[in-house]
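Each remark here refers to the structure printed beneath this line.
Below, chains carry the letters A, B, ... as their sequence lines are ordered, and counting in each starts from 1. Owing to the predicted nature of the structure, the values given are computational and were not obtained by experimental measurement.
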Protein chains: 2
Amino acid sequence: MTETGTQTGWQAVRDEALRRIRARDWPPGARIPDEADLAAELGCARATVNRALRALAEDGLLERRRKGGTRVPLTPVRRATFSIPIIRQDIEARGLTAGYRLLADAVETVPEAVRATLGPNAPARMRHVIALHLADGAPFCLEDRWLNPAHAPEAVRFDTLSANEWLVGNVTFAEGRLSFGAVTADADLAARLCCAPGAALLALDRRTRAEAPITAVRLIYAPGYRLETVL
Amino acid sequence: MTETGTQTGWQAVRDEALRRIRARDWPPGARIPDEADLAAELGCARATVNRALRALAEDGLLERRRKGGTRVPLTPVRRATFSIPIIRQDIEARGLTAGYRLLADAVETVPEAVRATLGPNAPARMRHVIALHLADGAPFCLEDRWLNPAHAPEAVRFDTLSANEWLVGNVTFAEGRLSFGAVTADADLAARLCCAPGAALLALDRRTRAEAPITAVRLIYAPGYRLETVL
DNA sequence: GTCGAAAATAAGTATATACATATTATCGCC
DNA sequence: GGCGATAATATGTATATACTTATTTTCGAC
């Protein structure tokens with residue numbers, strides 16, 4: 001089929017499907033024509049339709065089942081994808097100069113609250129690395145990290161390069177979990193992030209592992225930090 | 001090529017590529033073998049390799065360029081995908097009973113702070129809908145929404161069905177933005193969410209539009225709410 | 001009407017072939 | 001060494017054909 005603008009065939013099919021969903025030609029709950037029929041109607045290959053509809057299913061806008069066909073869900077679960085860069089690049093992308101200050105780095109016994117989140121094969125003692133990331137000299141986020149010495153022996157120093165950045169370049173993980181929540185700045189946290197005690201701060205928790213845990217980190221952002229994406 | 005377990009060929013190729021990235025067979029910054037070479041090595045079609053590597057690129061783990069080939073990025077920008085269900089289903093997925101209470105619904109002049117976020121063709125007056133979502137009778141989140149009457153005329157009532165849910169079933173959008181951050185509970189918010197004033201709360205903002213804005217909503221979650229995903 | 005088995009079907013995938021296109025490398029000229 | 005043009009290349013996409021597989025429907029026995 002002919003393209004419009006720079007769109008490729010499968011993207012044009014996807015957008016036509018979106019248009020039909022939006023116009024309620026295909027209302028919520030409805031089963032849509034199968035791939036072969038759509039291909040005939042739109043003058044393209046079944047594989048092209050498949051590619052287009054799979055993309056919409058990945059975004060949560062369609063539900064697909066072999067034999068069962070493709071439906072517009074009654075209550076779609078929309079998917080939102082956020083980009084998670086390394087901290088320095090997050091800062092630089094905001095047009096700011098990134099700074100870094102290592103605050104602590106010692107092997108310590110892992111507190112039970114952290115240990116409980118690590119999963120199987122967790123070591124009893126890990127490196128506890130605390131660092132402050134600055135944007136144009138002002139606190140941007142605090143990195144509070146437990147790090148498996150098996151993956152980052154003490155010879156690896158985080159005096160100038162953050163653990164956040166070192167890990168990305170040196171360790172790849174098999175599984176990871178990411179979560180966000182809000183925390184209240186206590187006096188210590190407020191001092192480090194230069195904000196009022198009691199301020200609401202966004203906290204990002206990430207745990208990664210291979211056969212054993214690699215790291216558990218909490219990034220606590222200065223007030224006002226927001227994660228954004230397009231839907 | 002032969003599959004392992006229930007994995008299909010392209011998934012097996014993807015996982016082999018991940019294994020090589022993880023093992024640093026393909027270190028950060030390295031250009032990896034091109035698709036035709038990998039296809040020959042792995043005993044499958046180039047299209048199969050293409051499918052596998054595109055998936056990794058979509059996750060931010062590889063960078064691809066026509067002619068330039070495929071590289072492991074020096075500093076990958078990992079992508080994290082969150083599922084955004086309707087609020088009632090978010091509650092029910094936690095094994096809790098969803099409740100709903102409409103607190104306010106009136107056409108009002110849109111405050112400048114909200115209006116500024118709406119983009120072109122924003123109406124001066126919109127429905128301001130405030131509702132509380134309950135989980136097992138306890139406040140779960142507050143829905144503070146500005147809604148374009150062109151998309152939801154006043155005849156549409158939100159006494160028992162939330163705007164959040166009604167919109168999903170009745171209006172599809174062309175563009176949307178999603179962001180979240182942390183806010184501090186003031187006295188009013190604390191009363192509604194049954195938490196202490198000063199508590200840190202996760203706030204999720206969503207704006208959707210077609211030719212004109214559809215809605216701008218802020219969901220403010222009770223303390224402890226976390227957005228989670230796997231990496 | 002229920003149940004298990006079999007058939008049918010629609011999506012999921014694999015491949016080969018071909019073409020498109022965004023880059024990167026090379027070349028000739030200055 | 002720089003520049004613009006050209007060639008080369010590796011990914012991106014389209015198609016046809018075939019096969020796989022997860023469902024859904026149908027069927028026959030009871």
Side-chain angles (χ1 to χ4, degrees), chain A residues 1-18 20-21 26 29-74 76-77 79, chain B residues 1-18 20-21 26 29-74 76-77 79:
Chain A
M1 63 188 290
T2 58
E3 298 172 25
T4 54
T6 54
Q7 268 189 343
T8 57
W10 77 267
Q11 290 171 327
V13 171
R14 179 198 60 195
D15 290 355
E16 173 58 19
L18 266 175
R20 293 183 190 192
I21 293 170
W26 295 344
R31 180 168 172 281
I32 77 172
D34 61 37
E35 287 180 356
D37 292 337
L38 282 172
E41 183 196 337
L42 299 174
C44 62
R46 214 205 100 211
T48 304
V49 174
N50 179 271
R51 173 86 195 260
L53 299 185
R54 269 197 295 107
L56 292 175
E58 278 160 22
D59 284 345
L61 295 171
L62 288 174
E63 279 168 0
R64 289 170 52 84
R65 273 174 149 79
R66 303 185 203 202
K67 174 67 171 98
T70 305
R71 292 177 182 279
V72 184
L74 271 171
V77 176
R79 299 217 221 300
Chain B
M1 64 187 289
T2 59
E3 298 170 29
T4 53
T6 54
Q7 270 190 342
T8 58
W10 78 266
Q11 290 172 326
V13 171
R14 179 198 60 195
D15 290 355
E16 172 59 18
L18 266 175
R20 294 183 188 191
I21 293 171
W26 295 343
R31 182 170 171 280
I32 75 172
D34 61 37
E35 287 179 357
D37 292 337
L38 282 172
E41 182 195 337
L42 300 174
C44 61
R46 213 204 102 211
T48 304
V49 174
N50 179 271
R51 173 85 194 259
L53 300 184
R54 269 197 296 105
L56 293 175
E58 279 160 21
D59 285 344
L61 296 172
L62 288 175
E63 276 168 2
R64 294 175 42 90
R65 273 173 149 77
R66 301 186 206 201
K67 173 68 170 96
T70 306
R71 292 178 184 279
V72 183
L74 270 171
V77 175
R79 299 217 221 299

**Request:** Can you tell me the distance, in whole Å, between the CG atom of A/D34 and the P atom of C/dA8?
**Result:** 17 Å
**Item:** Whole angstrom value for the distance that separates C1' of C/dA20 from CD of A/Q11
**Value:** 14 Å
**Asked** Starting at CZ of A/R51 and ending at P of C/dA11, how long is that distance when rounded to a whole Å?
**Response** 17 Å
**Asked** Among C/dT13, C/dA10, D/dA14, which nucleotide sits nearest the side chain of A/W10?
**Response** D/dA14
**Complete:** Assign each of A/K67 and A/R64 the nucleotide of DNA chain C bearing its closest heavy atom; nearer the 5' end lies the nucleotide of A/K67
**Message:** Just so I know, are the side chains of B/E16 and B/L18 near enough to count as touching, which here means a heavy-atom distance under 4.5 Å?
**Reply:** no
**Item:** Any A/T8 side-chain N or O less than 4.0 Å from OP1/OP2 of C/dA20
**Value:** no
**Item:** Integer-rounded Å distance: C/dA14 P and A/N50 CG
**Value:** 12 Å
**Complete:** Heavy-atom closest pair (A/P33 atom, A/L38 atom, distance to 0.1 Å) is O-CD1, 3.5 Å
**Request:** Using whole Å, report how far CZ of A/R65 lies from C1' of D/dT21.
**Result:** 14 Å
**Asked** Does B/A47 or B/A36 map to a spot on DNA chain D nearer the 5' end, using the closest nucleotide for each?
**Response** B/A36
**Message:** Please check this pair: side chain of A/R71 against backbone of A/L62, looking for a donor-acceptor N/O pair closer than 3.5 Å.
**Reply:** no
**Prompt:** Is B/E35 paired with B/R64 through a side-chain N to carboxylate O contact shorter than 4.0 Å?
**Reply:** yes
**Prompt:** For the side chain of A/R46 and the base of C/dG12, is some donor closer than 3.5 Å to an acceptor across the two?
**Reply:** yes
**Message:** Between A/R31 and A/E63, does any side-chain N to carboxylate O distance fall below 4.0 Å?
**Reply:** no
**Message:** How many whole angstroms separate atom CZ of A/R66 from atom P of C/dT9?
**Reply:** 17 Å
**Asked** In whole angstrom, what separates A/I32's CD1 from C/dA11's P?
**Response** 8 Å
**Item:** Any B/T48 side-chain nitrogen or oxygen under 4.0 Å from OP1 or OP2 of C/dT13
**Value:** no
**For atom CD of A/E35 and atom C1' of C/dT13, their distance in whole Å** = 11 Å
